[in-house]
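Below you'll find the structure, written out as structure tokens, and then a few comments.
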Amino acid sequence: MNTSALASTTYLLDLANVKKSFRTPDRKERTVLEGVDFRLAEGEIVALLGKSGSGKSTLLRIMAGLTRANGGQVLYRGEEMTGPARGISMVFQSFALFPWLTVQENVELGLEALGVDAIEREERAQDAIEMIGLGGFESAYPKELSGGMRQRVGFARALVMRPDVMLLDEPFSALDVLTSETLRADLLELWDERRIPTKGILLVSHNIEEAVSMADRVLVFSSDPGRVRAEIPINLPRPRDTESAAFRQIVDEVYGLMTSHGRQAAGIDQLTIGYRLPATTPSKLVEMLETIADQPFDGRADLPALAEVTELPDDALFHIYDGLRVLGFARLAEGDIFLTPGGRALVDAENDHRKAIFAEHLLQTIPLATHIKRVLDERPKHNAPEERFLQELQDYLTGDEAERVLEVMVDWGRYAEVFDYDYNSGMLHLPEDDEDDGDDDSMERSGDDGHVQGADSPSP
Amino acid sequence: MSQQRTQIEFAQIRPNAWDMALIPLIFFLLTLLAYGGTQMTTPYDVGQPITISLDPSYLPYYLLRSALRMAAALAASLLFTLVYASLAAKIKPLERILIPILDVLQSIPILGFLSITVTGFIALFPGNLLGVECAAMFAIFTSQAWNMTFSLYGSLTTVPNDLIEAANMFHLTPWQRFWRLELPWSVPGLVWNMMMSVSGGWFFVVASEAITVSGQNIMLPGVGSYIALAITDSNLGAIGWAILAVLAGILVYDQLFFRPLVAWADKFKVETMPGEQVPESWVLTILQRARMFQGLLALSGRLLRFVQHLGQRPQRDAKFFRSIGPRFTLPLWFDPVWNGILILASAAALTKVTIFVSDEVSWAEVWRVLAYGLATTTRVSVLIVLASFVWVPIGVWIGIRPRWAQNLQAVAQFLAAFPANLMFPVAVIGIHHFHLNPDIWTSPLMILGTQWYILFNVIAGASALPQDMKDAATNLGLKGWLKWRKFYFPAIFPAYVTGAITASGGSWNASIVSELVSWGDTKYQAVGLGSYIAEATGNGDFPRIALGIAVMCLFVMAFNRLLWRRLYVIASERLRLD
């Protein structure tokens with residue numbers, strides 16, 4: 001590459017004040033990204049960390065040229081982005097391989113679309129396949145391969161284009177721990193030994209350790225609307241020792257950043273009906289409270305340590321932390337989580353009483369729960385169709401998200417026995433409180449593990 | 001290097017043992033095609049008699065003609081499907097017109113239309129048999145195209161988003177994307193629906209070859225005409241021969257065409273379930289192993305590549321590809337305006353039909369026709385219920401026994417393809433012999449061919465039940481009625497609804513040929529909408545045909561909306577196993 005003097009000042013990707021909003025079905029605007037600034041320089045790997053639904057995948061797709069920003073500037077090598085760029089390749093979380101094409105044909109596809117002739121195509125594909133460790137599998141179909149091998153095809157398919165920039169959209173999260181570690185190491189080896197022409201890599205992830213082990217820079221993304229909230233440079237040499245003190249310290253720092261909330265201090269009172277309830281269940285919340293209350297944490301836990309003990313993925317953990325925080329059962333500070341008096345009371349209570357405490361917190365802190373309860377109380381028959389609430393939610397959220405939020409709400413409400421939902425009729429209603437009701441009885445018992453599921457409740 | 005390559009290619013073209021078996025077969029098929037084709041375009045004027053012989057030695061020739069008609073109709077259906085479904089899936093404003101139209105087309109009784117369309121086609125090719133051929137093929141086409149189109153449209157609109165993004169990321173043009181992603185993605189569904197179409201098509205081949213136009217009987221050389229003549233001549237032996245011929249035809253179609261196609265289409269399935277049987281076909285195996293054929297295949301593959309890359313843009317040096325603008329959204333005024341146009345158009349059409357019909361037909365008759373509609377509705381409903389009572393338990397019983405299921409499902413599928421109208425003469429003889437009431441006893445005829453859809457869907461549903469669930473049911477000690485009520489019925493309900501919808505649609509259509517049956521000079525007519533249309537068709541009475549078809553359309557659509565669609569929603573939302 002003939003690097004001119006200019007190149008050193010030109011970033012591979014340069015995003016300034018990027019905004020993205022979608023239109024809800026009733027033509028209202030919902031902002032997903034706002035005021036996002038981001039730069040990818042030559043020679044660096046940047047990781048973008050954020051909770052699911054924070055808009056980081058949308059941002060990645062803007063950089064890929066797959067969707068267009070509504071505002072701000074997106075430059076690739078100093079030029080305005082107008083569509084998928086030649087020098088940018090992407091690797092997908094779901095692999096996105098074409099099942100009817102062999103490994104070889106999958107890898108060749110992009111070259112074919114470019115009009116590269118058959119002989120060159122074959123040679124380049126061969127090289128990429130060898131490089132990524134797929135030699136011998138050229139004529140296999142994706143469905144014959146294991147997950148790790150499939151993602152190798154995904155990488156080969158991206159690398160064969162000799163990309164300037166590689167965009168990785170959670171490429172390891174569908175793989176088991178061991179496989180993803182091997183694949184990560186292989187990729188880093190290719191990168192560090194400069195065996196691939198790629199000048200910059202952007203990794204989207206929700207796994208903190210993965211991000212810290214790979215990246216030169218970690219960006220923490222906040223949601224609603226999504227923007228870059230913090231940046232942590234990582235100057236450790238690769239390959240990195242994940243047990244070293246320096247590494248652990250950075251992981252700790254990132255955990256702290258991920259769980260601190262700008263609006264948290266005043267937060268709880270300011271929630272709206274459209275608050276995006278975290279995707280987690282009451283049973284997980286209660287289990288987590290118990291874990292924190294127990295030894296060795298005794299009411300206050302270091303987040304990375306908690307992650308290790310619970311063996312849950314980061315994404316699931318953050319949803320739980322979020323749930324505990326908004327419900328007022330726990331507070332987060334400096335990379336630690338600790339119980340509030342309310343949280344302590346819930347842990348100490350008997351099973352029946354737990355539900356009452358949960359219900360009390362739910363109605364105090366979650367406006368949507370309060371709203372549903374009030375509507376049901378006011379109605380003569382104490383029931384209301386789900387569409388009514390979905391429509392209200394759609395003022396804040398997209399259709400899919402509104403459905404998800406209501407589903408979580410129903411789950412929490414059922415556990416708390418604040419309201420119930422009939423799957424067949426799609427109606428929410430107040431729980432029947434007659435003692436001799438058989439269904440009610442069985443619900444109490446199954447409440448032990450927190451999964452309150454009536455006879456006809458859907459499995460999520 | 002390049003020399004080596006050519007040598008390899010040359011070696012590929014040298015025939016091997018598999019080729020030896022194939023070459024004569026291919027030449028034979030080509031000759032047949034050419035011969036049948038030339039026979040289709042012979043000069044012809046309406047009124048000129050075409051002699052059909054009941055000599056069984058003519059049957060292979062008639063079968064060939066019928067099979068060709070079927071093939072041509074299938075090709076036309078495929079072409080129509082590709083164009084129509086793509087337009088509907090790709091162009092939003094068109095989608096809102098095309099899909100409702102398809103929905104209506106689907107519920108029109110095709111057989112009633114035959115005498116109307118044939119006049120048009122004869123006018124299109126004056127003095128040539130091709131007009132009548134086209135009319136027959138059109139009838140078959142209308143029985144095949146709609147479900148294929150719905151299938152492709154459904155597939156095209158459900159291509160996984162990550163694959164679309166991958167295609168965009170790798171700079172496929174929309175044209176390339178269609179050929180490399182969207183069409184392959186749709187292949188399994190499309191092939192399955194083609195199979196269902198052809199299976200239903202045999203019925204229409206038989207029904208559409210002997211056409212009455214303005215009092216003139218036109219008999220196209222084919223199995224259908226052979227049967228029609230056998231019925232007029234009360235020749236039971238000939239009917240037997242015809243049944244054998246059609247069985248052979250279905251078998252050949254299945255083995256030479258659909259088996260290989262299904263086996264091939266399997267590679268387009270995204271994921272094969274563990275334990276799922278991979279479909280196999282001896283023809284496909286031969287084709288894939290024969291060297292010469294491989295050469296041909298490579299050649300056609302290259303041709304396909306050429307087609308796929310027609311949209312290639314000389315953009316190798318540009319930095320960016322296809323610009324992505326904001327997604328096209330319909331302006332706010334579109335809805336009211338479009339609905340207004342639709343209402344006006346349908347009002348105009350209604351007036352036109354009303355004027356056309358009311359010149360000939362009194363209001364009293366309109367009410368009478370509506371009553372006929374009710375009679376036929378009753379028949380269809382009662383028969384579907386009866387058939388369900390019989391076939392659901394049997395289907396479940398077979399389905400939960402894997403070894404039985406595999407063989408018997410193929411048999412049920414085969415029976416569904418068998419044109420039931422071949423069996424009508426037998427029924428007529430029976431009614432005649434036992435002096436039965438035709439209002440009741442002609443009714444079973446309309447479900448004769450369509451009941452098998454219920455059976456094989458139920459078998460398929462029951463055999464797909466997860467072993468875990470069966471074990472759990474046994475473990476819980478579920479027995480007898482409780483087991484059926486709580487386990488089998490809900491579990492196979494989605495499959496049953498799919499089968500019943502097909503069966504009911506087919507029965508409506510069959511009512512046109514089954515409510516008015518004859519054997520020689522003996523004629524039986526049941527009171528109903530089907531016999532009304534059939535009679536009007538026989539007399540070339542267009543206003544009454546129009547009235548009959550309109551009323552039947554009305555009933556079918558009402559039936560679909562009020563019953564089947566709701567059941568379908570329940571089935572797909574609440575009782576899905578996943």
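The shown structure was predicted, so the numbers you read here are calculated from the model rather than taken from an experiment. Just so we're on the same page: letters track the sequence lines, and every chain starts at 1.
Few gaps surround NZ on B:Lys90; more than 12 heavy atoms of other groups in view lie less than 6.0 Å from it.
Here the CG-CD distance, from A:Leu60 to B:Glu165, works out to 9.0 Å after rounding to the nearest 0.5 Å. Once rounded to the nearest 0.5 Å, the distance linking CZ of B:Phe268 with OH of A:Tyr141 reads 8.0 Å. Atoms CG and CZ, from B:Asn161 and A:Arg61 in turn, are 7.5 Å apart once rounded to the nearest 0.5 Å. Rounding to the nearest 0.5 Å places OG1 of A:Thr67 at 11.0 Å from CG of B:Asn168.
A donor-acceptor pair under 3.5 Å is absent between the side-chain atoms of A:Trp100 and the main chain of B:Leu181, judged by distance alone.
If you measure heavy-atom distances from A:Met161 to chain B, the contacts under 4.5 Å come from the side chain alone. Interface residue A:Leu97: only backbone heavy atoms are found under 4.5 Å from chain B. Neither the backbone nor the side chain of B:Ile164 comes within less than 4.5 Å of any heavy atom of chain A.
Residue-level contacts of residues 152-159 of chain A with chain B, in order of numbering, are A:Arg157, A:Ala158; threshold 4.5 Å between heavy atoms.
Contact detail for B:Phe170 and A:Gly110: the closest heavy-atom pair is CB-CA, 3.8 Å.
Two residues are said to be in side-chain contact when any heavy atoms from C-beta on lie closer than 4.5 Å; B:His171 and A:Pro84 meet this criterion. No side-chain heavy atom of A:Glu112 sits under 4.5 Å from any side-chain heavy atom of B:Gln176. Proximity of B:Asp162 to A:Gln93: side-chain heavy atoms (C-beta onward) are nowhere separated by under 4.5 Å.
Under the ring-ring contact (aromatic ring centres under 6.0 Å, His included) criterion, A:Phe95 pairs with no residue, sequence neighbours left out.
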